[in-house]
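Remember, it's 1-based here, ligands and their atoms both numbered in the order they're listed.
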Amino acid sequence: MNVLKDRLAADDHPKKVNLAPGTYRCESGQPWILPCFRLAAERLLADRGYDHEYLGLLGHPKFLHYARELVLGPKVDTSTIASLQTVGGTGAVHMGALILKLFSDRPSTVFISDPTWVNHHDVFQHAGWRTESYRYYDSVNKSLDFGSFVQSLRTAPSRSIYVLHAVGHNPTGCDPSLEQWRALAQLFKEKDHFAFFDCAYQGFVSGNLEQDRQAVELFASHGIAMCVAQSLSKNAGMYGERLGALHVFCGTVSSTKLVKQQLKVLTRREISCAPKYGADLVSTVCSDPKLRAMWDSDLKHISGRIIAMRHGLFDRLVKLETPGDWSHIIRQRGMFAYSGLTPEQCNALVDDYHIYVPRTGRMMMAGLNEDNLDYVAEAIHRVVV
Ligand code: PMP
């Protein structure tokens, strides 16, 4: 991946296209500062009383309040949830893996979808877990392999920990339907499995933060043992500010106190405390109805653009009569399309057309725009035929 990054940086071909990053790009191929967060930053800058003091060990209380409400909804009983601000979603996964390793008595293997975010196995193993993949993706139909997923949940030891992508599965773009989430929740209850939600793309699928948390809300409403590792890197468009939170469902008020205490101890040892600036920006946006409404419309813009690019590419491939069925491009959801291109075809796109796609075939759809769609579709056609 880094090799690809270096090659991209050194490539001055006028038509080069970057479909490799894990970060959103606007129409002109640049990073996009969401207007609501730009306004919030201007407000902070103008505030003469603003400071850059350290946060407390659990993090920014207002940020935690808003982040929790965003991902869990307003109905949950907050007195039994231990929330911790973390260094991005990565930090949230790490702290979740760590606290479970130290204080849970669950079986020692964590189950992770195949494929998954490149860092999942490493982060869990780093915290002392064994990890095992469960079959998630049907590479023939380029869709969710729900049957295999269910089979894995049925045959795994009771009380196992499963990592679930809450929405916008990375890298496949294949999420269970609401019906399927309901069936999964049932199985989690039956087998007393632990749902370790990783929620990194809330708002990127439907453009609606409420709708994109339906799996998390559903599991919470069933009282399933769970935690949520939340990233706000993507939906706030502030990747470098390392915005994240971990929410652990503790069941009782007294165990919540204990978990919070332990999270403080672990945080103190690892990072002392989480970063403040991005958390201030999120709090500023969420506490102002006008800015909050702007955030909603910014997310609609992002998801709408991604969907338009999916259709733009699909329509062109159909028109070109590129061999194969390309409907998965418009069926899959969120920022990534798992194209099904072979490693050789991806290499050819890079070598011959300056279109940067990793060998997995995962394409970041916001790397497309009206100016490069024709070029990319033509190039894919040529490497496929
Ligand atoms: N989980 C998933 C599924 C991700 O895709 C990512 C980012 N690529 C993360 C966690 C990490 O998020 P962050 O950048 O906020 O650390």
Name the closest protein heavy atom to atom 13 (P) of ligand 1, giving the residue it belongs to and the distance to 0.1 Å. Gly89 N, 3.4 Å
Could you say whether the N/O atoms of His165 and ligand 1 ever approach to under 3.5 Å? no
Quick one: are Phe219 and Val228 in side-chain contact, heavy atoms under 4.5 Å? no
Is there any N or O on Leu243 that sits under 3.5 Å from an N or O of ligand 1? no
closest protein heavy atom to atom 6 (C) of ligand 1 is Trp117 CE2, 3.5 Å
Any donor-acceptor N/O pair, Asn372 side chain to Gly367 backbone, under 3.5 Å: yes
Which residue and heavy atom of the protein sit nearest atom 15 (O) of ligand 1, plus the separation: Ser233 OG, 2.5 Å
Would you say the side chains of Ser158 and Asp192 form a donor-acceptor pair under 3.5 Å? no
Is the centre of the Tyr136 ring less than 6.0 Å from the centre of the His169 ring? yes
Would you check, one step at a time, whether the test side chain to side chain donor-acceptor pair (under 3.5 Å) holds for Thr109 with Arg130? CA-CA 5 Å; Thr109 298; Arg130 272 175 20 89; 3.0 Å; yes
Starting from atom 3 (C) of ligand 1, find the nearest protein heavy-atom neighbour and note its residue, name and distance. Asp198 OD2, 3.5 Å
Atoms in ligand 1 flagged as close to Ala200, the criterion being non-hydrogen separation under 4.0 Å: 1 (N), 2 (C), 4 (C)
Where's the contact between Asn170 and ligand 1, heavy-atom distance under 4.0 Å: side chain, backbone, both or neither? side chain
Residue-level breakdown please: for Tyr239 versus ligand 1, do any non-hydrogen atoms fall below 4.0 Å on the side chain, on the backbone, on both, or on neither? neither
Are the side chains of Asn170 and His120 in contact, using a 4.5 Å heavy-atom criterion? no
Salt bridge Arg43-Asp280, side-chain N to carboxylate O under 4.0 Å: no
Minimum-distance protein heavy atom relative to atom 16 (O) of ligand 1: Thr90 OG1, 2.5 Å
Atom indices of ligand 1 within 4.0 angstrom of Gly88 heavy atoms, with elements: 15 (O), 16 (O)
Geometry only, no angles: is Lys234 polar-contacting ligand 1 at N/O separations under 3.5 Å? yes
Backbone N/O of Cys250 and side chain of Ser255: donor-acceptor pair under 3.5 Å: yes
Does the Lys NZ or Arg CZ of Lys276 fall within the cation-pi geometry relative to Tyr50 - under 6.0 Å from the ring centre and within 45° of the axis? yes
Near Tyr201 (heavy-atom distance under 4.0 Å), the atoms of ligand 1 are 4 (C), 5 (O), 8 (N)
Under 4.0 Å, counting heavy atoms only: does His169 come that close to any atom of ligand 1? no
Tyr353/Arg382 under side chain to side chain donor-acceptor pair (under 3.5 Å): CA gap, chis, key distance, verdict: CA-CA 10 Å; Tyr353 297 96; Arg382 287 191 189 179; 4.6 Å; no
When distances are taken from atom 12 (O) of ligand 1, the protein heavy atom at minimum range is Ser231 OG, 3.6 Å
